[in-house]
Protein chains: 2
Amino acid sequence: MAEPMYRQIAEDLQRRIESGDLEQGAQLPTEIDLREQYEASRNTVRDAIKWLTTRGLVETRPGQGTFVVEKIHPYVTTLTGKADIGGGDESVYIAEVEASHRKSDISEPRVEIQRADGVIARSLRLDAGAQVVARHQQRFIDGTPWSLQTSFYPMSLVQQGAIALIQATDIVQGTVAYLAEACDIHQTGYRDTIAVRPPDENEVRFFKLPADGRVPVFEIYRVAFDKTGKRLRLTVTVYPSDRNRLRVDVGEVPPRRIQRLPDTPEPDHD
Amino acid sequence: MAEPMYRQIAEDLQRRIESGDLEQGAQLPTEIDLREQYEASRNTVRDAIKWLTTRGLVETRPGQGTFVVEKIHPYVTTLTGKADIGGGDESVYIAEVEASHRKSDISEPRVEIQRADGVIARSLRLDAGAQVVARHQQRFIDGTPWSLQTSFYPMSLVQQGAIALIQATDIVQGTVAYLAEACDIHQTGYRDTIAVRPPDENEVRFFKLPADGRVPVFEIYRVAFDKTGKRLRLTVTVYPSDRNRLRVDVGEVPPRRIQRLPDTPEPDHD
DNA sequence: GGGTATTTGTCCGTATGTATT
DNA sequence: AAATACATACGGACAAATACC
């Protein structure tokens with residue numbers, strides 16, 4: 001027996017899905033039915049379904065059944081923007097999203113003062129234990145959860161006059177513009193580092209991801225610099241990877257076409 | 001009992017891992033031992049281990065045991081380069097990697113002529129069924145598999161003199177430089193779209209990923225343009241997400257520090 | 001709202017196969 | 001070859017979620 005039985009069942013079902021025999025959103029036969037069709041035990045059938053689930057082909061709903069997953073038309077977030085007018089801050093994202101006929105909301109920030117732990121301190125080149133301002137925000141598109149974001153600012157910025165950073169109010173013009181106004185600090189660039197990892201419990205709840213952690217999240221670390229190379233801010237943004245794509249434009253790139261409505265069958269890397 | 005038993009067991013083990021009680025690389029008690037420790041059946045213990053496995057905390061090795069996964073020091077790939085001197089092509093990657101004291105190898109390309117299917121045709125703005133050259137390559141760092149890459153070129157480029165595209169030989173100066181030499185076609189920019197998905201069977205084999213598909217891969221679609229906005233190429237690159245990070249630099253960014261050796265405990269988004 | 005049928009989720013025990021040491 | 005440890009497969013029982021009447 002080269003191939004275990006549950007794999008054979010899974011691959012047969014996969015074939016039926018990819019051939020269109022089972023359409024998107026269609027319900028699979030129940031575990032009892034599959035047990036009879038494949039002459040296997042229910043647990044073996046369940047192993048096959050679990051295999052398909054891990055690969056994102058089907059999803060199970062307790063009390064209802066097993067269904068072929070429907071492809072999600074992804075949101076596209078462009079990471080390359082004007083380095084000096086935002087780059088990851090509130091205002092830019094809103095402009096992006098509204099341009100594609102979608103409505104973006106952002107929560108009021110939850111503000112904390114905390115000691116910079118290892119990663120934050122190193123990213124901002126602070127001594128371990130230095131004070132930082134953490135601003136947590138939730139972002140929605142058309143009412144559905146889109147991203148979780150936390151920005152860390154050295155407390156020294158507040159001492160230089162950027163007192164709005166420690167107020168639990170959205171900075172509508174964007175913190176980049178605000179820092180320029182409030183204390184003549186000008187962001188001239190940023191560096192993003194993109195990783196992928198399983199979601200934690202908070203993220204599972206907020207994004208309504210499957211509890212088994214099979215849908216990973218993008219985690220983007222953005223370190224912003226001024227013209228002397230000083231580190232102004234670390235922003236950590238988390239996106240669920242199943243409904244998001246990231247875009248990077250380099251050099252001369254033609255303007256994007258208007259983003260289509262969710263049901264049109266176009267490639268999402270257009 | 002709000003929490004199922006296997007979750008309680010999993011969370012207890014997770015706590016023991018994150019507290020350092022079980023160190024990286026350490027072997028967990030065997031399933032039989034855990035069955036006795038938690039007074040559960042072996043199947044329930046196995047469900048707990050599967051839960052930890054999906055989250056990348058442990059791995060099982062048949063005949064050996066279950067082990068706490070060791071963190072991998074990731075490779076960092078910068079997506080933003082000079083738009084006109086490569087940007088994702090062979091030579092640039094090699095320079096990047098060698099600068100961090102690692103040795104990069106690339107396979108000779110496997111070249112195919114094929115009809116552009118839906119996604120490729122749309123990305124290159126070709127009519128469906130138009131001929132394209134596909135060049136598949138495998139990339140290694142220090143001998144370990146790093147990325148799989150396929151570039152698609154419109155056949156019209158070959159007719160304009162870029163005959164090396166249809167030869168199964170690496171284009172050492174990079175195809176961007178080659179196209180400039182051979183037929184005066186100059187790339188001026190590119191656009192990347194980053195997605196994450198489970199690996200297919202080829203990728204599992206090549207990258208030696210776990211067969212259950214729990215480690216996703218980055219898939220980067222790069223469309224390159226000339227100054228008129230014409231689409232010169234589509235390059236699809238796949239990286240395993242467990243050992244890779246992507247970097248995007250925008251605006252003025254200070255030079256990177258030398259990349260450290262794998263065993264130093266620095267953040268990988270430095 | 002309540003009750004019932006359906007469907008998946010959890011948990012058990014057991015047996016046998018396969019990979020590794 | 002033997003021992004160990006995980007992988008596969010079976011069958012059964014009950015719980016929990018959902019849909020429907």
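Chain letters run A, B, ... following the sequence lines, proteins first, then strands; residues in each count from 1.
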- Comparing Asp33(B) with Thr44(A), nearest DNA chain D nucleotide closer to 5' gives the residue Asp33(B)
Let me know the distance between [atom1] of [X] and [atom2] of [N], rounded to the nearest Å.
{"X": "Arg46(A)", "N": "dG11(D)", "atom1": "CZ", "atom2": "C1'", "value": "14 Å"}
{"X": "Asn43(A)", "N": "dC11(C)", "atom1": "CG", "atom2": "P", "value": "13 Å"}
{"X": "Ile9(A)", "N": "dA9(D)", "atom1": "CD1", "atom2": "C1'", "value": "10 Å"}
{"X": "Tyr38(B)", "N": "dT10(C)", "atom1": "OH", "atom2": "C1'", "value": "18 Å"}
{"X": "Glu36(B)", "N": "dA5(D)", "atom1": "CD", "atom2": "P", "value": "11 Å"}
{"X": "Arg35(A)", "N": "dC10(D)", "atom1": "CZ", "atom2": "C1'", "value": "11 Å"}
{"X": "Arg7(B)", "N": "dA15(D)", "atom1": "CZ", "atom2": "P", "value": "20 Å"}
{"X": "Met5(B)", "N": "dA13(D)", "atom1": "CE", "atom2": "C1'", "value": "14 Å"}

- Query: Does Arg42(B) get its side chain close enough to the base of dA7(D), under 3.5 Å, for a donor-acceptor pair?
  - Reply: yes
- Item | Glu108(B), CD atom: more than 12 neighbouring heavy atoms under 6.0 Å | yes
- Query: Got more than 12 heavy atoms from elsewhere within 6.0 Å of CZ, Arg61(A)?
  - Reply: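 Check passes, neighbour count above 12.
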- Message: Among residues at least two apart in sequence or on other chains, which ones pass salt bridge (Lys or Arg N to Asp or Glu O under 4.0 Å) with Asp212(A)?
- Response: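 In terms of salt bridge (Lys or Arg N to Asp or Glu O under 4.0 Å), with neighbours along the sequence ignored, Asp212(A) is linked to Arg214(A).
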- With sequence neighbours left out, write down each residue that passes salt bridge (Lys or Arg N to Asp or Glu O under 4.0 Å) with Asp117(A), or none if nothing qualifies. none
- Item | Near-strand residues of residues 59-67 of chain A, defined as heavy-atom separation under 4.0 angstrom from DNA chain D | Pro62(A), Gly63(A), Gln64(A)
- Message: Taking ring-ring contact (aromatic ring centres under 6.0 Å, His included) as the criterion, tell me which of Tyr239(A), Phe207(A), Phe140(A) meets it with Trp146(A).
- Response: Tyr239(A)
- Item | Option from Gln137(A), Arg222(A), Arg139(A) for which side chain to side chain donor-acceptor pair (under 3.5 Å) with Gln149(A) holds |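 Going through the options one by one, the only one that passes is Arg139(A).
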- Apply side-chain hydrogen bond (donor to acceptor under 3.5 Å, both in side chains) to Tyr6(B) and Ser41(B), showing your working. CA-CA 10 Å; Tyr6(B) 78 94; Ser41(B) 79; over 6 Å; no
- Task: Applying ring-ring contact (aromatic ring centres under 6.0 Å, His included), name anything that partners Phe67(A), two or more places apart in sequence or on another chain.
- Result: none
- Message: Check this for me: does any side-chain nitrogen of one of Arg15(B) and Glu11(B) sit under 4.0 Å from a carboxylate oxygen of the other?
- Response: no
- Item | Electrostatic pair Arg110(B):Glu112(B) at N-O distance under 4.0 angstrom |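 A salt bridge links Arg110(B) with Glu112(B).
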- Task: With axes from five pairs an end, tell me the bend angle of the helix from dG2(C)-dC21(D) to dT21(C)-dA2(D), nearest 10°.
- Result: 20°
- Query: Is Gln14(A) close to Leu57(A) at the side-chain level, that is, under 4.5 Å between some pair of heavy atoms?
  - Reply: yes
- What nucleotide, of dT10(C), dC12(C), dT8(D), holds the atom closest to the side chain of Pro4(B)?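 For Pro4(B), the side-chain atoms sit closest to dT10(C).
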- Message: Can you identify which nucleotide, out of dC6(D), dA9(D), dC12(C), has its nearest atom closest to the Ala40(B) side chain?
- Response: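 So the nucleotide nearest the side chain must be dC12(C).
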- Message: For a quick test of reading the model, state the closest non-hydrogen atom pair linking Pro198(B) to Glu203(B) and the distance between them.
- Response: O-OE1, 4.5 Å
- Query: So which of residues 22-31 of chain A are in contact with DNA chain C, with a heavy-atom cut-off of under 4.0 Å?
  - Reply: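 Per residue number, the list reads Thr30(A), Glu31(A).
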